[in-house]
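Data block below; observations after.
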Amino acid sequence: MDDVSVLMARSEIEALMARYFRAVDTRDRPLFETIFLPDSTCDYRGAASDPSAVATVADAATDRVLEGLTDIVAGLRAALEGSVSAHQGTNSEIIIADAGTARGIWAMQDWVWWTKTAEPTRMRGFGHYHNDFVCKGDRWWISALRLTRLRVELDRL
């Protein structure tokens, strides 16, 4: 790939990840359909498994690899049920492998407030997203996503 094509791919992948963070926070199913392929995977295992976590931190997205768009959306909805969230990804490291594949790492921080639960809780997390991307047609998609945590802070509200 020439330099301009690499820069364009990087820009498109950064915009894709911005849509991912917005889709998670807004629980926007149609937007998820522009981010994940039908056979994409998401691995959030351990993302909210701090020993002090309360039952409101649903295991639906954190105890197994989510496989396929339908499973990804259902798992995220279940894990974030009754919450408001704000996810941020920064410091992207993107490697374009060839014209059709790429890998990326984002430093991340998120806030999740479960206020409509028996034990209102706030979680603040720090870590990294590790993603694989594929270009199909004229657009980039997340083919695999893995969230790793460096720290999780939980507080009862």
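Values in this document were obtained by computation on a predicted structure and should not be read as measured data.
- Taking the six-membered ring for Trp and thresholds of 30 and 60 degrees, Tyr20 and Phe36 have ring planes more than 60 degrees apart, a perpendicular arrangement.
- Using bins of under 30°, 30° to 60° and over 60° for the plane-to-plane angle, the ring pair Trp111/Trp113 lands in the parallel bin.
- Nearest heavy atom pair, residue Asp98 against residue Met1, reads O-SD, 3.4 Å.
- Side chains of Asp25 and Ser85: a donor on one and an acceptor on the other come within 3.5 Å.
- For the residue pair Phe32 and Leu69, the shortest heavy atom distance occurs at O-CD1, 3.8 Å.
- A side-chain donor from one of Ser83 and Arg27 sits under 3.5 Å from a side-chain acceptor of the other.
- At least one side-chain heavy atom of Asp71 sits under 4.5 Å from a side-chain heavy atom of Arg64.
- Under the 4.5 Å side-chain heavy-atom criterion for grouping Ile, Leu, Val, Met, Phe, Trp and Tyr, Leu16 is connected to Trp106 within one hydrophobic cluster.
- When all heavy atoms of Trp141 and Glu33 are compared, the closest pair comes out as CZ3-O, 3.2 Å.
- The environment of CZ in Arg103 is sparse: at most 12 heavy-atom neighbours from other residues, nucleotides or ligands sit within 6.0 Å.
- Taken from CD1 in Ile94 to CZ in Phe133, the straight-line distance is 6.5 Å, to the nearest 0.5 Å.
- Here the CG atom belonging to Asn91 is positioned 12.5 Å from the CE atom belonging to Met108, to the nearest 0.5 angstrom.
- Between Val24 and Leu76, the closest side-chain pair of non-hydrogen atoms falls below 4.5 Å.
- Nearest heavy atoms, Met123 versus Trp114: CB-CZ3, 3.7 Å.
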Requested in this report: Report the C-alpha separation of Leu157 and Thr115 in whole Å, then their side-chain angles, then the decisive distance to 0.1 Å, and conclude whether the side chain to side chain contact (heavy atoms under 4.5 Å, CB included) test is met.
Outcome: CA-CA 8 Å; Leu157 296 178; Thr115 57; 3.9 Å; yes

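- Applying the 6.0 Å contact sphere to CG of Leu31 captures more than 12 heavy atoms from other residues, nucleotides or ligands.
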**Report entry** Arg45/Arg146 under side chain to side chain contact (heavy atoms under 4.5 Å, CB included): CA gap, chis, key distance, verdict
**Finding:** CA-CA 8 Å; Arg45 289 177 297 172; Arg146 170 80 173 124; 4.1 Å; yes

Report task. Please step through side chain to side chain contact (heavy atoms under 4.5 Å, CB included) for the pair Arg149 and Arg151, ending with a clear verdict. Result -> CA-CA 6 Å; Arg149 297 277 190 185; Arg151 181 173 175 84; over 6 Å; no

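- Residues Ile142 and Met17 are in side-chain contact: their nearest non-hydrogen atoms beyond the backbone lie under 4.5 Å apart.
- Nearest heavy-atom pair, Leu80 versus Val112, reported as atom, atom and distance to 0.1 Å: CD2-CG1, 4.0 Å.
- When only modelled atom types and interatomic distance are considered, Ser92 and Glu14 share a side-chain donor-acceptor pair under 3.5 Å.
- You'll find the side chain of Arg19 reaches within 4.5 Å of the side chain of Thr34, heavy atoms only.
- In this structure, Thr148 and His130 approach most closely via the heavy-atom pair OG1-NE2, 3.2 Å.
- Heavy atoms from other residues, nucleotides or ligands lying under 6.0 Å from CG of Asp3 number 12 at most.
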